[in-house]
Novice: 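Got a structure for you, questions after.
Whatever order the structure lists them in is the order used to number ligands and atoms, beginning at 1. All values below come from the heavy atoms of this structure, side chains included, with hydrogens, waters and symmetry mates left out.
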Amino acid sequence: MGVVKTIRPYHEPAGGWGALKAMGTALAEQDIALSGMATLARMNQHGGFDCPGCGWADPKNPSPFEYCENGGKAVAWEATTKRCTPDFFAAHTVSELEAFTDFELEMQGRLTHPMRYDAYTDTYVPVSWDEAFAIVARHLKALPDPNMADFYTSGRASNEAAFLYQLFAREYGTNNFPDCSNMCHEATSVGLPQSLGVGKGTVLLEDFEKADCIFIFGQNPGTNSPRMMTDLRNASRRGATILSFNPFRERALERFQAPQNPVEMATLTSTPISQRLYQVRVGGDVALIKGMMKRMVEADESARTEGRGPVLDWDFIHGHTIGIDALIADLKATQWGDIERKSGIARADIAFAADAYMKAERAILVFGMGITQHRHGTQNVQQLANLALLRGNIGREGAGICPVRGHSNVQGDRTVGITEVPSDALLDALEARFGFSPPRAPGHNVVTALEAMVRGEARVFIGLGGNFAAAIPDWEQTQAAMRRLDLTVHIATKLNRSHIVHGREALILPCLGRTELDEQAGGPQAVTVEDSMSMVHASRGHNRPASEQLKSEPAIIAGMARATLGAGSRVAWEELIADYARIREDIEAVFPIFQGYNERIKEPGGFHLTSLARERIWATPSGKANLLVCEGLCEDPAVDDPQALWLTTVRSHDQYNTTLYSLSDRYRGVYGQRDVLFLNETEMNRRGLKADDRVDILTLSQDGIARAVRGFRIVPYSFPDGSCAAYYPETNPLVPLYAHDPQSFTPSSKGVPVRLVKTTTQPGAQ
Ligand SMILES: Nc1nc2c(c(=O)[nH]1)N[C@H]1C(S)=C(S)[C@@H](COP(=O)(O)OP(=O)(O)OC[C@H]3O[C@@H](n4cnc5c(=O)[nH]c(N)nc54)[C@H](O)[C@@H]3O)O[C@H]1N2
Ligand SMILES: Nc1nc2c(c(=O)[nH]1)N[C@H]1C(S)=C(S)[C@@H](COP(=O)(O)OP(=O)(O)OC[C@H]3O[C@@H](n4cnc5c(=O)[nH]c(N)nc54)[C@H](O)[C@@H]3O)O[C@H]1N2
Ligand SMILES: [Mo]
């Protein structure tokens, strides 16, 4: 980590030689330069493994280089030759490990043995798999109520693992499935069904080839779904209009040099991506989208009085939607002055965007975390759905709405039953297939699980992947609550903070990664995943497992289930593990959309799970798509403090969620440090701050609890007034647990009201 701490603006396009160099460095750091290249050659290829990075779709005919800089880093991270062995644990007490940074914890390499926390020595000690499963069973069986246990899933788990996991927890007796999705696209999963009848996107990759307009809201493809850059680049070169709405001028949204394109690489040229970037204020999207719709309604009215064709798609609106009158009334009642103030964008600029959208025959609306992670996340999503519906941009070639999912199988996990609010249809189907009565009461999501832990009601936490303790908001109280649990269990590939913030008893259960060969009694196994565009395909690892002790995720779940449920279980766990095709038969029996599952995954590229909205079938109570009104402009609960700023917490270019690949963020020009706060010069001057000053960031809390992070360096940056940004997860202590979307319970990690105070104590090691 010997990178010098500097701030050095980046003037190159995104991608290009910098991306190739960064990937080479990532492989070298994990000591796998050559074997790493061989592994990468199998990524996203038929018969190979699915990239463990993002959930962007694979093309039907993948090029031999179907990977990106950050996918390369994700693979290098997993395929590393470094090992975190029992010797390492013997040499460090858990109290000592507390002092390790998150980066240092993961840099120890792949976990090799199942480990149990030993309170007497304050270390993790090796444990046999059978003993580990027995510990899980002892705790779960001792709980007076199964709802005192929480079963967390992170979105890398395969369909097979996720299905077995929900089966285990439901046969045990709970619907407590907090899921990384609860902190991510939950606003999409809750908001879109009310609008469109489905909680997923409606576009396929080929629609990007036909769209003449693509709007990108609150999503950073150059970093978080870089393979999308190929589709955006092609669209731009075809002449499609691309506009971005983001407080940052993210470099990849401006210009991109395709590492796979020999001409651009040799001539150092690049392709412009967005025609315009709108630097919307943090939390200003409802105002912005309403502004665009208001402009469209005004344009429609004048076009019609002047005898020109309509701007809105009235045939579609009358035939397929309800709610237009109320929506228009709301837009008319919304004042331009308020729209400009809240969005930070001038009326004329909003009009330019709306006009581009109105002119387009086929438009795609893309969105990410800048839209969902707000107290008004559901409303953000629904206003985007309105924008699409007003022009009939759903269920047509080249048009649609495109939530870009995060983890590579977060969408699939939901599809196969990881949900705390299961439908009767799902529970009835489980009952019919397996013959046990699943619990009917809704379970915990992330926020309600944490609340139950804080109250002391939840006692056992099991994590299928992820890094729950670091990903969650409000660390001071939530991590303290996790430490009071009776048992924490983590199925993981690398050591992370969640293993250190542990319960009274704790287990670390090491598992195979995507790149590794999964050999079971019935031979080598493949798993399946679903991407952001609802394509389901197989993933098969070829690398030798990082240690002989590793088990696959499905095998670990089955081991816990057999120990807990005993001979009375209605599930033939062992048979399912011998051959995962048997698991897929069960999935198919429970979810009829998977009909022909085992056959269809043999098709190159897999198969598509149809989205009804794509066919213009609206699975809503009215049978129509709903134009939904959002009252007002989502002014967040009154913040009286004139010094208030809205903080958004974002990812750097060199991290995968809580995993840091380095402390740098190349495109934003930050090197060797992450304790920085991006702020514009007007806001700096208002506070008498200069570049490199250190500040404490304090949440303007509503519950009287102090929340602060200290010693952050001011980085002057082009950013909207009233807004500022810093990195996730370092700023998670600032996000209050109560500050979540009331509908979807998504924590408001992209909209935290804060105040800055000059740091008085020396930052020391910072
Ligand atoms: N390399 C890499 N790939 C990843 C991940 C990773 O960490 N690293 N994470 C994966 C996961 S789980 C997910 S969910 C996705 C996340 O991918 P993204 O959705 O791109 O997530 P973020 O980078 O957190 O934020 C997205 C953008 O929202 C902008 N933004 C912030 N606040 C606002 C706002 O109020 N309004 C608007 N319009 N924009 C705003 C930010 O500036 C940022 O550019 O990526 C996935 N892929
Ligand atoms: N403030 C703030 N908070 C946020 C966000 C934000 O933007 N701002 N983003 C939110 C979002 S979108 C998400 S998705 C969550 C992410 O929350 P999580 O999904 O819980 O976190 P990750 O950092 O992706 O988890 C990393 C860990 O997963 C384990 N792992 C990696 N690969 C595998 C595997 O193949 N199998 C298993 N079993 N384990 C594996 C490794 O041990 C690694 O340490 O964080 C959320 N929290
Ligand atoms: Mo996510």
Side-chain angles (χ1 to χ4, degrees), residues 52-56 68-71 73-74 77-78 102 105-106 111 152-158 161 179-185 216-226 244-248 250 253 278 280-285 288 367-374 380 403-408 410 446 463-473 490-499 508-516 553 556 646 648-659 661 719-720 723 725 727-732 734-735 746-752:
C54 75
W56 190 250
C68 65
E69 172 191 346
N70 280 351
K73 288 179 200 159
W77 178 91
E78 181 177 299
D102 293 336
L105 290 176
E106 293 208 359
L111 294 159
Y152 175 70
T153 314
S154 169
R156 210 174 269 197
S158 63
D179 175 23
C180 72
S181 190
N182 294 140
M183 300 180 267
C184 182
H185 261 295
I216 306 170
F217 293 87
Q219 198 248 342
N220 187 13
T223 290
N224 296 321
S225 46
S244 304
F245 306 88
N246 194 313
F248 273 110
E250 304 286 20
L253 294 171
Y278 290 83
V280 61
R281 279 193 177 185
V282 167
D285 299 272
L288 170 76
F367 66 97
M369 296 300 101
I371 288 294
T372 58
Q373 294 176 330
H374 285 285
N380 271 340
V404 183
R405 298 280 165 175
H407 271 299
S408 51
V410 63
V446 164
L464 175 56
N467 185 1
F468 188 73
I472 54 179
H490 291 281
I491 302 169
T493 50
K494 290 222 181 148
L495 187 62
N496 67 37
R497 185 65 50 197
S498 300
H499 311 151
I508 305 175
L509 306 179
C511 66
L512 295 173
R514 283 262 174 93
T515 53
E516 289 164 329
E553 288 174 298
I556 295 172
W646 288 97
T648 186
T649 64
V650 298
R651 293 161 166 76
S652 77
H653 189 62
D654 239 9
Q655 76 184 81
Y656 192 93
N657 298 337
T658 65
T659 294
Y661 299 130
F719 211 69
S723 310
Y727 294 121
Y728 141 67
E730 288 82 347
T731 44
N732 285 39
L734 297 175
V735 184
T746 314
S748 183
S749 46
K750 293 283 190 282
V752 190

Novice: Counting each atom of ligand 2 from 1 as listed, which ones have a heavy atom of Ser749 under 4.0 Å away?
Specialist: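 Taking each heavy atom of Ser749 in turn, ligand 2 has 1 (N), 2 (C), 6 (C), 8 (N) under 4.0 Å.
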Novice: Taking 4.0 Å as the limit for heavy-atom contacts, which would you say applies to Asn496 with ligand 2: side chain only, backbone only, both, or neither?
Specialist: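 The answer is the side chain.
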Novice: Starting from atom 41 (C) of ligand 1, which protein heavy atom do you reach first, and at what distance in Å?
Specialist: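 Ranking protein heavy atoms by distance from atom 41 (C) of ligand 1, first comes Asn246 OD1, 3.5 Å.
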Novice: So which protein heavy atom does atom 26 (C) of ligand 1 come closest to, and at what separation?
Specialist: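 Its nearest protein heavy-atom neighbour is Gly218 O, 3.4 Å.
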Novice: Please report which non-hydrogen protein atom sits nearest to atom 47 (N) of ligand 1, along with the residue it belongs to and the distance in Å to one decimal place.
Specialist: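 It is Asn224 O, 2.8 Å.
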Novice: Could you find the nearest protein heavy atom to atom 25 (O) of ligand 1 and give me its residue, atom name and distance?
Specialist: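 I find the closest protein heavy atom is Lys750 CE, 3.4 Å.
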Novice: Look at atom 44 (O) of ligand 1 and say which protein heavy atom is nearest, naming residue and atom and giving the distance to 0.1 Å.
Specialist: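 Closest protein heavy atom to atom 44 (O) of ligand 1: Glu250 OE2, 2.5 Å.
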Novice: Find the distance between NZ (Lys750) and CG (Asn380) and round it off to the nearest 0.5 Å.
Specialist: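 That separation rounds to 12.5 Å.
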Novice: To which of Thr223, Ile371, Val404 does the heavy atom nearest atom 1 (N) of ligand 1 belong?
Specialist: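 Checking each option, the heavy atom nearest atom 1 (N) of ligand 1 is found in Thr223.
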Novice: Regarding atom 30 (N) of ligand 2: of the candidates Asn467, Ile556, Thr493, Ile472, which has the closest heavy atom?
Specialist: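 Minimum heavy-atom distance to atom 30 (N) of ligand 2 goes to Thr493.
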Novice: Among Met183, Arg156, Lys494, which one puts a heavy atom closest to atom 32 (N) of ligand 2?
Specialist: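 Heavy atom nearest to atom 32 (N) of ligand 2 belongs to Arg156.
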Novice: Which option out of Tyr727, Phe468, Tyr152, Tyr728 puts a heavy atom nearest to atom 18 (P) of ligand 2?
Specialist: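 Nearest option to atom 18 (P) of ligand 2, by heavy atoms: Tyr152.
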Novice: Identify, for atom 10 (C) of ligand 1, the protein heavy atom at the shortest distance, and state residue, atom and that distance.
Specialist: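 Result for atom 10 (C) of ligand 1: Tyr656 OH, 3.6 Å.
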Novice: Which residue and atom name correspond to the protein heavy atom nearest atom 9 (N) of ligand 1, and how close is it?
Specialist: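 So the nearest neighbour among protein heavy atoms is Asn657 OD1, 3.0 Å.
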Novice: Considering only the protein, which heavy-atom contact is closest to atom 11 (C) of ligand 1, and what is its distance?
Specialist: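 Scanning the protein heavy atoms, the shortest distance from atom 11 (C) of ligand 1 goes to Gly406 CA, 3.2 Å.
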Novice: Looking only at side-chain N and O atoms, does His653 offer a donor or acceptor that is under 3.5 Å from a partner on Thr223?
Specialist: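 The criterion, which ignores hydrogens and geometry beyond distance, is satisfied for His653 and Thr223.
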Novice: Return the option from Ser748, Ser723, Gly283 holding the heavy atom at the smallest distance from atom 35 (O) of ligand 1.
Specialist: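 Selected option, by shortest heavy-atom distance: Gly283.
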Novice: Which bit of Ala471 is near ligand 2, meaning a heavy atom under 4.0 Å away: side chain, backbone, both or neither?
Specialist: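 Ala471 to ligand 2: contacts from backbone and side chain alike.
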